[in-house]
Amino acid sequence: MSKNHCTALAIHNSYLNDDVINAFLDIVKLQTSFIPQNVLFYQTPLMYSAVENVDDFQILYDGSIGNDAIGHWLCVYYRNETKCVEVYDSLYHTLNDNLFEILDILYPSKSNVVFKSVIKQPDGYSCGVFAIAFATSLLFGRNLSDECYIIDCNNMICKTWTLRNHLNNILVSTLLQPFPTRQSHVAQSTDILSLKNKKIKIIKTKTAIGRKKRKSIINKNIRLHTGEAG
């Protein structure tokens with residue numbers, strides 16, 4: 001899939017397919033020490049590799065397979081210290097047997113699985129956008145229970161336009177940036193954002209509220225090599 005096609009899917013008022021999700025994950029692998037696995041592995045769960053002794057996140061899919069497939073994207077985060085799998089889901093509070101099977105393969109040492117309180121999607125087709133937003137917030141060490149992403153309530157066509165536009169910018173620039181929220185943030189510890197021996201720079205940006213300055217750590221001069229769920 002071309003970057004242009006990926007970009008069009010990101011900003012269109014529709015489901016995100018596996019190409020868009022994988023394009024985002026490729027950027028994560030370039031900029032961090034995390035190794036998210038190909039979302040297409042859901043078709044054959046045994047293709048997933050077990051993760052041991054490190055923190056980890058994945059974006060997982062649940063649903064049918066095919067050109068007209070309908071399903072759902074969600075984000076999970078494994079904390080090695082507690083052996084806990086945290087589920088960040090913008091729509092549901094349950095997992096089916098297939099997802100539990102995938103979690104058993106990914107995290108054989110897990111002690112429990114917990115659902116975390118997060119903002120809910122305003123429609124039936126933006127789960128992919130929210131799964132990516134959750135993953136990005138986790139990478140920047142943010143507390144997702146406090147994250148209130150901007151929802152375009154007055155936009156009758158696309159209430160997630162701001163978030164999709166931000167995702168579009170990430171795909172085009174290949175730079176990870178926190179998704180826009182309605183509250184002012186002070187950058188937290190970047191322990192989670194472990195960078196892989198790449199040059200970084202500190203950028204000062206102004207928040208929409210209070211115009212306070214915050215520091216964001218991003219990578220420099222990274223380029224992406226590779227180019228529906230609800």
Side-chain angles (χ1 to χ4, degrees), residues 7 10-13 16 20-21 23-25 27-28 31-32 34 36 55 57-59 72-77 79 86-93 114-195 200-219 229-230:
T7 299
I11 63 175
H12 188 59
N13 191 21
L16 298 189
V20 177
I21 304 294
F24 167 77
L25 297 181
I27 295 172
V28 171
Q31 295 193 34
T32 80
F34 286 89
D55 285 4
F57 91 91
Q58 302 291 334
I59 293 180
H72 182 62
W73 298 106
L74 63 136
C75 176
V76 298
Y77 193 94
R79 297 194 184 275
E86 300 170 351
V87 180
Y88 297 89
D89 193 321
S90 60
L91 199 58
Y92 302 116
H93 280 86
V114 297
F115 276 81
K116 306 297 285 187
S117 177
V118 291
I119 186 173
K120 298 304 179 183
Q121 63 191 72
D123 52 44
Y125 44 79
S126 291
C127 57
V129 177
F130 278 82
I132 288 176
F134 295 153
T136 305
S137 291
L138 288 166
L139 291 172
F140 278 91
R142 293 187 171 190
N143 184 348
L144 274 168
S145 64
D146 296 331
E147 292 284 68
C148 185
Y149 302 120
I150 292 177
I151 304 298
D152 304 295
C153 297
N154 295 325
N155 189 325
M156 296 297 100
I157 298 177
C158 181
K159 296 185 183 301
T160 57
W161 176 257
T162 298
L163 300 182
R164 288 171 182 266
N165 186 59
H166 183 82
L167 174 55
N168 171 61
N169 291 337
I170 290 177
L171 295 175
V172 171
S173 69
T174 68
L175 293 175
L176 292 174
Q177 303 173 53
F179 277 68
T181 64
R182 294 198 178 279
Q183 67 269 55
S184 176
H185 278 284
V186 176
Q188 300 178 12
S189 167
T190 57
D191 289 343
I192 290 179
L193 191 58
S194 309
L195 300 171
I200 61 174
K201 63 180 178 180
I202 304 297
I203 289 184
K204 292 184 177 180
T205 59
K206 294 184 178 179
T207 59
I209 298 178
R211 300 182 65 81
K212 294 181 180 178
K213 292 183 178 179
R214 70 169 182 247
K215 293 182 179 179
S216 301
I217 295 186
I218 67 172
N219 282 62

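Since the model is a prediction, treat every value here as computed from it, not as a measurement.
For Gln121 against Ser90, the heavy-atom pair with the smallest separation is OE1-OG, 2.5 Å. Annotation for Leu176 and Phe140: closest pair O-CZ, 3.5 Å, computed over non-hydrogen atoms. Shown here for Ser137 and Leu144, the closest heavy-atom pair between the two residues is CB-CD2, 3.6 Å. Of all heavy-atom pairs spanning Lys159 and Cys153, the tightest one is NZ-O, 2.9 Å.
Under the side chain to side chain contact (heavy atoms under 4.5 Å, CB included) criterion, Asn169 pairs with Asn165, sequence neighbours left out. For Thr160, the side chain to side chain donor-acceptor pair (under 3.5 Å) partners at least two apart in sequence or on another chain are Ser126, Arg164. With sequence neighbours excluded, the residues forming a ring pair (Phe, Tyr, Trp, His ring centres under 6.0 Å) with Phe57 are Phe34, listed by chain and number.
Side-chain contact between Leu16 and Phe24: absent, with no pair of heavy atoms (C-beta onward) separated by less than 4.5 Å. Using a 4.5 Å cut-off on side-chain heavy atoms (C-beta onward), Pro180 and Leu163 make contact. The shortest distance between side-chain heavy atoms of Phe134 and Ile119 falls below 4.5 Å. No side-chain heavy atom of Ile170 sits less than 4.5 Å from a side-chain heavy atom of Ile132.
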**Prompt:** Is there a side-chain contact (heavy atoms from CB on, under 4.5 Å) between Leu74 and Phe130 once you walk through the steps?
**Reply:** CA-CA 8 Å; Leu74 63 136; Phe130 278 82; over 6 Å; no

**Prompt:** Can you check side-chain contact (heavy atoms from CB on, under 4.5 Å) on Glu147 and Val118, steps first, answer last?
**Reply:** CA-CA 7 Å; Glu147 292 284 68; Val118 291; over 6 Å; no

**Asked** Please walk me through it: do Ser145 and Lys116 pass side-chain contact (heavy atoms from CB on, under 4.5 Å)?
**Response** CA-CA 7 Å; Ser145 64; Lys116 306 297 285 187; over 6 Å; no

**Message:** What verdict does the side-chain contact (heavy atoms from CB on, under 4.5 Å) test give for Gln31 and Leu175, after you've listed the backbone C-alpha separation in whole Å, the side-chain angles of each residue and the deciding distance to 0.1 Å?
**Reply:** CA-CA 8 Å; Gln31 295 193 34; Leu175 293 175; 4.1 Å; yes

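Judged by distance alone, the side chain of Tyr149 and the main-chain N or O of Ala133 form a donor-acceptor pair under 3.5 Å. In this structure a side-chain-to-backbone donor-acceptor pair under 3.5 Å is present from Arg182 to Ile151. Proximity of a side-chain donor or acceptor of His166 to a complementary backbone N or O of Gln177 within less than 3.5 Å is detected.
In this structure, Thr162 OG1 and Leu167 CG are separated by 12.5 Å, a value rounded to the nearest 0.5 Å.
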